[in-house]
Structure formats: C-alpha cells, structure tokens
Amino acid sequence: MPGQVEDAQKTHYCGKLNPGHVNKTVKLTGWVGKRRDHGGLIFIDLRDRSGQVQLVFDQQQGTDLFQSAESLRSEYVIAVRGEILRRSRETINPSLPTGEIEVRVNSMDILNTSNTPPFYIEDNINVDENLRLRYRYLDLRRPEMLRRLELRHRAVKLIRDYMDRYDFLEVETPVLTRSTPEGARDFLVPSRMQGGEFYALPQSPQLFKQLLMVSGIERYFQIVRCFRDEDLRADRQPEFTQVDIETSFFSAENLFALTEGLVAELWKQIHGREVKRPFIKMPYREAMNRYGTDKPDLRYGMELVDLDEQARQSEFKVFKTALENGGAVKGLRLPEGSRLSRKDLDDLTLLARQMGAKGLAWAYVEEEGWRSPISKFFTEPQQKEISTKMKAEPGDVLLFVADRWTISCTVLGHMRTKFAPGNLPDEPHFLWVVDFPLFHYNEEEQRYDSDHHPFTAPRPEDMALLDSDPLSVRAQAYDLVLDGVEIGGGSMRIHDSTTQAKIFNLLGLSEEESKEKFGFLLDALSYGAPPHGGIALGLDRLTALLCGDESIRQVIPFPKTATASCLMTGAPAVVSEKQLEELRIKLEQEKEDK
RNA sequence: GGAGCUGUGGUGUAGAUGGUUAACAUAUCGGCCUGUCAAGCCGAAGAUCGCGGGUUCAAGUCCCGUCAGCUCCGCCA
C-alpha cells in the first residue's frame with residue numbers, strides 16, 4: 001500500500017487486491033457492504049475507498065469468529081486479517097475487479113456498528129437529492145462520489161503542477177475584503193471591531209490579482225473560493241471555486257495558448273482525450289447572430305437565420321416595425337417540428353414573452369406551403385424564399401422573433417438549446433468568444449454598465465469611440481466556452497490610471513466615489529503598473545464536464561440547495577441575541593406575529 | 001420576484017372518473033440454508049399519503065394556501 005505508515009491497521013486496499021496476492025496474509029479495513037448469509041457460510045463485501053473485495057467466513061473455522069460474522073450488518077466498520085485465496089473457476093465473478101480472489105478471514109475486529117443507512121451505499125441509486133444532501137457524508141461514501149472527489153483532486157493537482165511549470169506563483173488573497181459597486185450582490189460579514197461596518201466576501205480576487213501585478217509577481221494563479229449572492233442554477237452555487245490567473249507582459253494570444261495548454265492537458269490526463277488546438281475564436285456578435293448566445297454549443301448546427309431582408313419586403317407590420325426600430329428579425333428551423341402541438345407552440349410563445357420578446361411567430365412547413373397564423377402576410381414566393389433560406393423541409397416548424405437584436409437572438413438561441421439533438425458528438429468543442437462589447441446599457445439604472453468588469457481594457461482601435469459611441473466599443477475580453485457551457489472568462493486590463501478614471505466616469509461613478517471605492521487601485525496604477533491581463537476558469541464546471549455531470553452539485557462535496565441552504569448543517573441559521581448585540585445588529589420585527 | 005415539475009412505509013414506486021383492509025419491490029427484524037455475489041426460501045413488523053385549511057355523507061385522489069427539493073425566466077460585472 002502506498003504511503004503506508006508503520007503499524008497500519010491495513011496492509012492493502014480492498015479494491016487493489018489481485019491474483020498476485022494469492023496466499024498472502026493481509027490486513028484490511030473497511031465498511032460492510034452486501035452480506036450473503038448461507039447459514040454455515042457467510043460472504044461479506046468489504047468496501048474501502050479503493051473498491052471492494054469478498055470476505056469468506058466458514059463455520060468450520062471456529063464458532064467465535066463465525067458468530068461475530070453473523071452479527072455484521074450494513075456499514076459496520078471492521079478490520080480483518082486473512083489469507084488471499086484464488087477462487088475456483090465456477091465462483092469467479094467477472095464483473096468485479098477483485099472477482100478472481102477472495103479473503104478467507106482468520107480474525108476480525110468490529111471497530112464500529114452502524115444504524116441502517118437511509119439509502120443504499122452503492123452506485124446508480126435513485127433517491128431524492130434532498131435525502132442525499134441531508135446525509136451527504138453517506139452519499140460521498142458511494143464509490144461514484146468518491147471517484148468524483150478523486151478526479152477533482154487529480155485535476156487540481158494537475159493544474160498546480162502545470163502552472164508551476166510555467167513559473168506561476170500561487171498567492172493567497174483575503175476572503176474578508178471590501179464591498180465594491182457593480183457586479184453580483186455581495187455576501188456581507190459584519191465587523192465587530194468597526195460596529196456598523198461590513199466586510200464583503202470576494203466575488204473574485206479581481207482587484208488583488210491586479211495589485212499583485214503591480215507588485216511585480218508577473219505570473220499569479222490561485223485556486224480560490226468565490227462568493228456571489230445571486231439565485232442558484234444547476235451550474236451556479238453561492239460559493240464556487242475559480243482557477244484564477246493573472247499575468248504581466250502577456251498578450252491575449254499568450255494567455256489563450258497558456259489556457260488551451262492547461263485545458264488540453266486536463267482532458268488528456270483525466271479524460272484520455274486529445275484536444276484540437278488552437279481553439280476556434282468567434283466574435284461575440286457572430287456567436288449571437290448564429291447561435292443566439294454568447295456561449296454557443298458547436299456540437300450541432302441549427303443556426304439562426306437572419307431574415308431582415310425578407311421581413312422588409314413582406315407586408316407583416318410586426319416584422320417591419322421591429323426593423324424600423326433598429327431591431328432584427330431572426331428565424332430558427334426546428335427539424336421535424338411537426339410533432340409539436342399547438343399547445344407546445346403556445347408554451348414556447350409564453351417562454352419567449354417571459355424572456356422579454358413581444359411574441360413568437362411560427363409556421364408548420366407543409367408540401368403546400370405554410371400553415372401559420374402569419375402566412376397571410378407573406379406571398380407564396382415570399383414564403384418560399386424564407387423556407388429556402390432556412391433550408392426548411394415539409395414536417396419542419398419555423399420559429400420567428402422580431403424584436404431588439406439581443407432579444408431576437410437570445411430567445412431563439414434558447415429555443416435552439418431546448419430542441420438540440422439528443423445524441424451529440426463525443427469530442428469536446430472548445431471555443432473562445434472574443435470582442436465582447438465593453439458596455440451595455442442598463443435600462444433600470446439608466447446608465448452604462450461594464451459588460452465584463454470595469455477594469456477591462458477597450459480595444460486600442462476603439463478608444464476614440466469611448467466619447468462618441470460607448471456602446472460600440474469592443475473590449476479586450478474573452479470567454480472560454482465548451483459545449484454550451486461558459487468555463488472561463490477574462491480580459492486584458494486597463495493599466496493606466498487615466499483610462500481607468502475615464503471608464504469609472506463613463507460608468508457614472510463620480511470622481512469622489514471612484515476615489516472612495518477604488519482609490520487604492522488608481523493609486524497603484526500610477527506607480528508603474530505593468531500591462532497585464534488574466535482569466536478565471538470555473539473549476540466546478542470544468543470538473544462536472546470531466547465527470548459528465550449536468551449539475552456542479554455532483555462535484556462539490558457539500559453543496560447548497562436552490563435556496564442557498566445546506567440541508568446537512570441547516571445553514572443559514574439564526575444566531576444568538578448576544579452575537580447580534582456584539583455586532584450591533586437589530587433584526588426587524590416580523591410583520592405578522594403568530 | 002415569476003413559471004413549471006415533484007412530495008404516499010427506511011428507500012424507490014403504484015394508487016382513471018373521490019368510496020372506506022393504501023398495493024408492489026427493496027431494505028429492516030426473526031427462522032431455515034456451506035459457494036453466493038441483485039443469493040434463495042418461510043414469516044413478521046413498518047406509511048393516516050410534506051404541512052394547514054376547505055368542498056363532500058366520504059379526500060392520498062378535488063379546491064385554496066403553505067413548506068421543501070429540482071428545472072427554467074429575471075438575476076449572475
């Protein structure tokens with residue numbers, strides 16, 4: 001056994017035993033799995049972290065040992081000493097790695113008993129996730145969950161080794177820091193020393209890693225926990241882990257190469273799969289136009305079709321006014337969509353409205369032409385032209401959205417993923433989405449917001465547009481996308497205080513405000529800050545993809561539920577009056593006393 | 001903040017149109033059994049159907065509310 005300590009209670013891992021160990025005397029420890037009691041002969045599956053092996057207890061060996069074997073139950077913890085025997089040909093279990101051998105037990109210690117577990121400690125169980133989360137320590141005991149933890153460990157180790165090889169330093173940054181405007185909602189931590197003031201948990205170590213560049217670290221990375229107080233999704237937890245990277249004197253191309261190398265090595269070492277490099281690069285605008293999302297899944301086609309020209313020539317007012325207002329008309333072909341009922345299409349329309357569209361138009365494509373509420377607005381040749389442009393065949397359904405460009409794209413992009421083909425190719429489809437806009441307009445606040453974050457550098461050739469047309473300024477920002485999942489993102493940063501101050505100004509931060517919130521950054525930039533930039537990869541998503549999991553909860557040992565609570569510990573929970581007093585916090589009275 | 005789905009012995013499920021002993025599998029407990037590996041056979045115990053209210057002679061089943069989990073929209077620089 002590797003890493004064995006002296007006097008260890010075990011000499012081998014259960015799952016590692018093989019015919020090479022035959023006739024050896026071994027000491028094993030583990031948990032009792034399945035028990036097959038034949039009266040005078042008892043089989044026990046002994047399981048430890050590595051796998052399992054069959055123990056045999058024979059009544060003829062003596063009654064004491066046999067009696068205690070009869071008392072064994074599921075999940076008892078035992079230590080045994082015994083001899084490895086080769087199984088007779090008929091009793092070999094080919095479906096088990098250790099199926100050619102078994103352990104004839106000579107002595108046994110029962111180290112602990114166990115209550116009957118609430119679910120089976122085995123793979124492929126079908127239980128409420130609720131229950132798994134409440135008893136997460138038992139859930140993690142299941143081999144498939146242990147394997148996920150192992151894989152995650154290997155991934156992290158590989159990342160550290162890779163970064164080290166390229167001279168990167170892992171540097172820690174504070175978890176208690178200050179709240180900054182913009183971005184996600186912060187988790188706040190009240191200060192006892194400064195009553196009434198709060199720390200924030202970092203949404204990412206963004207500012208610190210830039211300051212480390214000013215410090216002359218040149219190549220920084222950190223595997224770091226980040227916190228965002230926003231609503232959860234299958235791929236979003238309130239605390240998550242980033243592989244955070246920042247470099248000085250690196251071009252974006254240098255950074256792409258570094259990241260691609262890292263990701264390729266992960267896929268090779270852990271997945272045994274060669275990844276084609278360099279990855280495809282696609283401008284944001286193109287991704288939106290063709291796939292209706294900034295994280296397109298390139299494993300299948302079903303591209304959106306631009307119908308501005310056809311809409312302009314039609315008599316359909318809805319389409320025409322959308323265009324007149326500067327919007328776009330987009331179409332999506334659903335192959336064999338005729339299996340969708342009117343009700344299905346109504347549901348889609350509802351979804352489109354929820355996503356901000358004014359509506360969703362559709363047409364069943366038939367031999368004779370369209371069957372659609374909007375067919376009367378299009379002449380037969382016009383219908384034909386659209387059908388041809390969308391490569392439609394009888395039996396398809398066509399979806400149309402005419403709205404603001406982003407809405408038209410994102411609504412159909414969402415429909416595209418909803419109706420994605422079932423069997424997608426195995427090879428991972430990586431791509432860089434580049435040339436994101438620097439700003440978007442925040443309708444609610446009536447101002448510009450950073451699309452990425454306020455420290456992102458504009459593309460040099462777009463600098464002049466900062467004054468005339470901020471929304472058309474492109475950022476030196478990029479996202480790494482894999483099969484429709486955003487697994488990372490970053491940018492080249494602003495490294496002079498003048499430009500940085502200008503961006504703050506455009507974001508509606510007054511000089512005093514930006515001094516107050518970011519003065520330390522502006523100061524730092526004025527002391528010889530090197531050109532720098534970086535990226536952050538989502539380790540949970542990366543690991544989930546490597547494991548083939550849909551939800552990152554599967555690769556997080558102790559995840560939170562959709563309402564951000566922990567079913568095991570009961571967090572969050574009320575605290576004592578005394579704790580609150582120390583923090584000078586008063587809770588609002590419940591409005592309705594019960 | 002909104003929408004949808006789910007919630008029945010320990011676990012996973014079944015319980016059309018409301019009808020009175022809530023079914024099945026598995027786990028659990030007891031008995032038998034020396035080659036099983038989803039062990040087998042016999043027997044026992046175990047759920048008032050998430051919670052609250054309502055309709056009804058009668059509710060697991062219908063209605064309203066509520067809680068929890070999941071998925072999605074908004075949100076997530």
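Sequence lines set the chain letters: A, B, ... in the order given, protein chains first and strands last, and positions in each chain run from 1.
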Discussion item. With hydrogens left out and only the distance checked, is there a donor-acceptor pair under 3.5 Å joining Arg236(A)'s side chain and the base of C75(B)?
Written reply: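 By the distance-only test, yes, there is a pair.
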
Practice prompt. Classify the side chain of Glu102(A) and the base of G35(B) as holding, or not holding, a donor-acceptor pair under 3.5 Å.
Written response: yes

Worksheet entry | Side-chain heavy atoms of Met108(A) within contact of Leu65(A), under 4.5 Å |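 Yes. Closest side-chain heavy atoms under 4.5 Å.
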
Worksheet entry | Any side-chain heavy-atom pair of Val32(A) and Ile78(A) under 4.5 Å | yes

Discussion item. What does the B/S/- profile of nucleotides 37-45 of chain B look like, 5' to 3', with a 4.0 Å heavy-atom cutoff to protein?
Written reply: B-B------

Discussion item. Please report whether the ring centroid of Phe436(A) lies less than 6.0 Å from that of Tyr478(A).
Written reply: no

Counting Watson-Crick and G-U wobble pairs only, both distances under 3.5 Å, name the nucleotide matched with [N], or none.
N      : answer
C24(B) : G12(B)
C5(B)  : G69(B)
U55(B) : none

Worksheet item: Within this structure, what is the CG-to-P distance between Asp128(A) and C5(B), rounded to whole angstrom?
Response: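 It works out to 17 Å between those atoms.
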
Worksheet item: Does Thr116(A) place a side-chain N or O at less than 4.0 Å from the phosphate oxygens OP1/OP2 of A27(B)?
Response: no

Taking atom [atom1] in both [N] and [M], what distance in whole Å separates the two?
N      : M      : atom1 : result
C32(B) : G69(B) : C1'   : 44 Å
U8(B)  : C49(B) : P     : 11 Å
A22(B) : G31(B) : P     : 30 Å

Worksheet item: What residue among Arg36(A), Arg35(A), Lys34(A) forms salt bridge (charged side-chain N to carboxylate O under 4.0 Å, His left out) with Asp45(A)?
Response: Arg36(A)

Worksheet item: Listed by chain and number, what are the side chain to side chain contact (heavy atoms under 4.5 Å, CB included) partners of Glu550(A), not counting sequence neighbours?
Response: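 Side chain to side chain contact (heavy atoms under 4.5 Å, CB included) check on Glu550(A) returns nothing, list empty.
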
Worksheet item: Side chain of Asn130(A): nearest nucleotide among U11(B), A68(B), G35(B)?
Response: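 The closest nucleotide is A68(B).
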
Protein-nucleic acid N or O pairs under 3.5 Å, nucleotides 71-73 of chain B:
from: U71(B); atom 1: OP1; to: Arg553(A); atom 2: NH1; distance (Å): 3.3
from: U71(B); atom 1: OP1; to: Arg553(A); atom 2: NH2; distance (Å): 3.0
from: U71(B); atom 1: OP2; to: Arg553(A); atom 2: NH1; distance (Å): 3.3
from: C72(B); atom 1: OP2; to: Ala234(A); atom 2: N; distance (Å): 3.4
from: C73(B); atom 1: OP2; to: Arg233(A); atom 2: NE; distance (Å): 3.1
from: C73(B); atom 1: O2'; to: Gln354(A); atom 2: O; distance (Å): 3.1

